[in-house]
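Here is the structure we will look at, set down as structure tokens.
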Amino acid sequence: MLPLAAAAVIAVFLLQPKPYADSSFAMGSVVEQTVWGKKENGDLTARIADAIAALENEQLSARAQGSGLWRINAGEALRTEEYGELQDALLLALELARATGGAFSPALGPLIDLWRIDNPDGAAPRLPSQAEIDAALSLCDYNDIADSDFSLAAQGMKLSLGALGKGAACDSALRLLERDAVDGAVLSVGGNILTYGQKPFWQPFKIALRDPKGAAEESIGLFRLRGTNFISTSGSYEKYFEVDGKRYHHILDGTTGYPAETGGLIAVTILLKKQGWSPGADYARAQNMQPGAVADALSTACFLVGFEDALPLLEAYGCEALFIYEEGIVKATPGARACLELTNEAYHWA
Amino acid sequence: MIFLLFFLAALSLLALQNAKANKPAVAYVRQGKGEVLLLSLERDQTIAPAPGVVIEVKNRRIRFAASPCPDQLCVHSGWLHKAGQSAFCLPARVSLVIGTAKKSGVDAVAY
């Protein structure tokens, strides 16, 4: 009897899936993966890294020459059948632009270029004059994007999907994870998290939430999650510069042309639980809505509109959220609060 | 007694499993005061952390493959593969250090 029990215990351990880890560089950030699966899934992390690089370089990047978005910005009409992910991303971004009165917008390229806050080429950010901002804003109207093929009405317009690219990368990864049907996985695309399936020994996924005001290794709390989830954060702490003691962060408000004035809100974290998730019925083309892109775009949109106006958006898109304020207050929807344990004394629930 | 032995065996297997998950050698790459990039040495890849600077990973080793700097000291550092080894390109302000992925008890950090 005893040897049998011993054999059973050992078998349980030996049958656990093996972890495969990988890190690579895409979308201007680090992609870190752990996949638990069988030996034949050993190359999955490399395939996911390739898929994310392809998504960036062929579809979503405004900078990658020849990408779908680059073609639109160069004045071409998009052959949408060749650019499925780009089309889904643009439809979502336009929907959120309408829902936020243009505060969130995929058409802010001229403003982003003007402020240079997010400039990967190393040029220093600068404070533009009001005249420069007005001139850029006149080229940032999302209503000037054609519904059918996304062609641009005016010369000098420029689309950017930086607000949802990393989330869309998580969607690409999820499709491959589901196709291979591995046991479980954790993916981070520059801090945008995807959890998938099940960890060995039935443990929950443990995801730390970085302290917006602390160093990179400090966190405000710990998510314990099971199954497939997306987590995305937007905050004023990530990229910013200062002029005369005033801080200018990188999340631009399409209605003013300036970094969003948020009244003490410093970060918004979106949690989207995939199980049972369906995007709001109000939205016409909801069938193509990709959860990772939704979570990522909503983190920016909710940061822009603030807690009160974000609640109907969260409801419509089936998301939970945390709103973190300068003085350490954390407001949360019930579903987000249930998954996060605050572990940092400087933060407390509202 | 025997149960205790089973228990210990089970624990050590669990530890082994976790150790495997954290085993891959990694390199930390940083440009200026920017974010630290974590690169796995398990997979061949090249990245450009700064204009003209190319860092290459091949066969579990890493090197500066190219740099626009005049002295080329970083490129002459050659291939690195042991934990603790480092190379720098001061003109481009890029540093490269090999370490092992640290075990922190969390699966990922959201930010």
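Keep in mind that the numbers below use all heavy atoms, side chains included, and drop hydrogens, waters and symmetry copies. In this text, all values refer to a predicted model and were calculated from it rather than measured experimentally. In what follows, every chain begins at residue 1, and chains take the letters A, B, ... in the order their sequences are listed.
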(request) Quick one: pull up CG in B:D107 and CZ in A:R224 and give me the separation to the nearest 0.5 Å. (result)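 The CZ atom of A:R224 is 11.0 Å from CG of B:D107, to the nearest 0.5 Å.
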
(request) Write down the atom of B:Y111, the atom of A:Y237, and the distance for their closest heavy-atom approach. (result)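 Closest approach of B:Y111 to A:Y237, heavy atoms only: C-OH, 3.8 Å.
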
(request) Indicate the atoms forming the closest heavy-atom contact of A:D50 with B:R43, along with that distance. (result) OD1-NH1, 4.4 Å

(request) State whether the number of non-hydrogen atoms from other residues, nucleotides or ligands found under 6.0 Å of B:F88 atom CZ is greater than 12. (result)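 Yes - once you tally the heavy atoms of other residues, nucleotides and ligands closer than 6.0 Å, there are more than 12.
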
(request) Could you please state which residues from residues 184-194 of chain A sit under 4.5 angstrom from chain B, measuring non-hydrogen atom to non-hydrogen atom, sorted by number, or 'none'? (result)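 Against chain B, the residues of residues 184-194 of chain A that fall inside the cut-off (heavy atoms, under 4.5 Å) are A:V186, A:S188, A:G190, A:G191, A:N192, A:I193.
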
(request) Check whether any side-chain heavy atom of B:L38 sits under 4.5 Å from a side-chain heavy atom of A:E32, and report yes or no. (result)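 Contact flag for B:L38/A:E32 side chains = yes.
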
(message) Once salt bridge (Lys or Arg N to Asp or Glu O under 4.0 Å) is applied, do any residues pair with A:D180, and if so which ones, sequence neighbours excluded?
(response) A:R47

(request) Check the pair B:V106, A:L222 against side-chain contact (heavy atoms from CB on, under 4.5 Å), reporting the backbone distance first and the verdict last. (result) CA-CA 8 Å; B:V106 301; A:L222 192 64; 3.6 Å; yes

(request) Please flag which part of A:I231 lies under 4.5 Å from any non-hydrogen atom of chain B: side chain, backbone, both or neither. (result) side chain

